[in-house]
Amino acid sequence: MNDLSGLSVEKMTGLNYKCSCGKNHSVEIENILVGTGVITQIANVLKSYEGKKVFIVADVNTYDVAGKKVEELLANRYQVSKYVFKQERLIPNEKALGTLLVEIPEDTSLIIAVGSGTINDISRFLSYKIGIPYVIIGTAPSMDGYASVVSPLVVDGVKTTYNAVYPLAIVADIDIMRQAPMYMLQAGLGDILGKYTALADWHIANILNDEYFCKEIEKLVLSSLKKCEEAAQSIKDRDDQTVEKIIEALILTGLAIGMVGASRPASGEEHHLSHCYEMIFMNRGETTKWLHGNNVGVGVGIIAYAYEYLNNIDINEIFRNESYLYLDKAKWRQNIKEVYGTCGSNIIAFKENSICFNEEERKINMKKILANWESIKKVCEVCVPAPEAIINTLKKAGAIYSPKELGLDKELFRKSFIAAKDIRKRYGALQLLEDLGKLDDVASYITNIYYN
Ligand SMILES: [Zn+2]
Ligand SMILES: [Zn+2]
């Protein structure tokens, strides 16, 4: 039972099988409903909670588009209470979580989150911390966190990923989702396109660091991704089937993370860029309209350029002239401080010992890269589409594709390209470029493409 690519996410609930990769893959979500009008089935999904206290979490927008309907559907057979956030742009921080802790009635049996990114993240974390299950009624196909098991939260001003729990059920009503603001639909596409470079980075980590890899999961994610790519044009029309393909792909990649026990199939250097941009704006105290997925969409084009550059590198020349040997620590530190501001010193402390400044070690790394260069080139050629193709798909959907549109100026963009990978310790195209002593050159090269 390995080819799952024909299966809808609804049919994947309860999966548990031994894969050819040697791992056991399982899906621990009991119920996934995707389709037009599925919200009316909510009472059936929650049958075992009849008569009990349920607590709806929404914000003013999501309450209007779906929360109210859920409340009506459950009113007779459940003891329903709710909390509706008034903020337009809710931040998943201590205040939002504290509010829910205060508002949730005693003896609540189930949390019903109605929303997308932030509402889902705080409800999931609340559910995990107080041990009450939660279901998510999705309102926009904007990110792949519905089927996730972690919550990214902003604590003490820093965005950090916390362990949490799976939802008991995911309800994705296409009628509701297709009416979400257009930039949210485009964000969903961006998050999905990011899987191209995420999978490529996973390959690179497998080749160079012997990191675990699953071909079956890769196939599954890719087949879902390609369907969305082909349908990109009809996002602007809010086409039912297209919206369904996107939410299917988003839920699927969430499941894939759970199945392999790591975010590798869903997140790579394009996500590092996205997180870096989010932190830059947060530090500046600026609110931006663009969501995680919009950032990722921009990021995947940028990383596709990085892969193209890698593919054209003369590796023997770099090896011979030893230009990769010296990495300037002071310059590395300074750049991080300039990009991340007050958070810079935390990032330096987190990452410094994992960066290879030692020339002997850099030589050993280089030899490993050299020995595997043909396999790496194959990843560049086979796994990552041409950057123009990625950008074209985003354009077809009317989505933003340039870091300029995000509001980054030229110099900050160049610096952030160099510093983005340092918020995590995982190997990918940017780290490989740094090992080759080429990260600065590529940064300037790509900056000139977007900013000339
Ligand atoms: Zn596998
Ligand atoms: Zn994402």
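One is the number of the first residue; the rest follow in order along the sequence. Each ligand, and each atom within it, is numbered from 1 in the order the structure gives.
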Give a rough value, rounded to 10 degrees, for the angle at the Zn ion (ligand 2) between atoms OD2 of Asp191 and NE2 of His271.
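About 140°, to the nearest ten degrees.
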State whether Asp144 contributes an N/O/S atom found under 2.8 Å from the Zn ion (ligand 2).
no
Which of these passes side chain to side chain donor-acceptor pair (under 3.5 Å) with His272: Glu270, His275, Glu269?
Glu269
Is Glu230 salt-bridged to Lys245, going by a charged N under 4.0 Å from an acidic O?
no
Vertex the Zn ion (ligand 1), arms to Cys214 SG and His25 NE2, rounded to 10°:
110°
For the side chain of Asp173 and the backbone of Ile39, is there at least one donor-acceptor N/O pair under 3.5 Å apart?
yes
Closest to the Zn ion (ligand 2), which N/O/S atom of His292 is it?
NE2
Please tell me whether Glu216 and His25 have a donor and an acceptor in their side chains that are separated by less than 3.5 angstrom.
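No - no donor-acceptor pair under 3.5 Å links their side chains.
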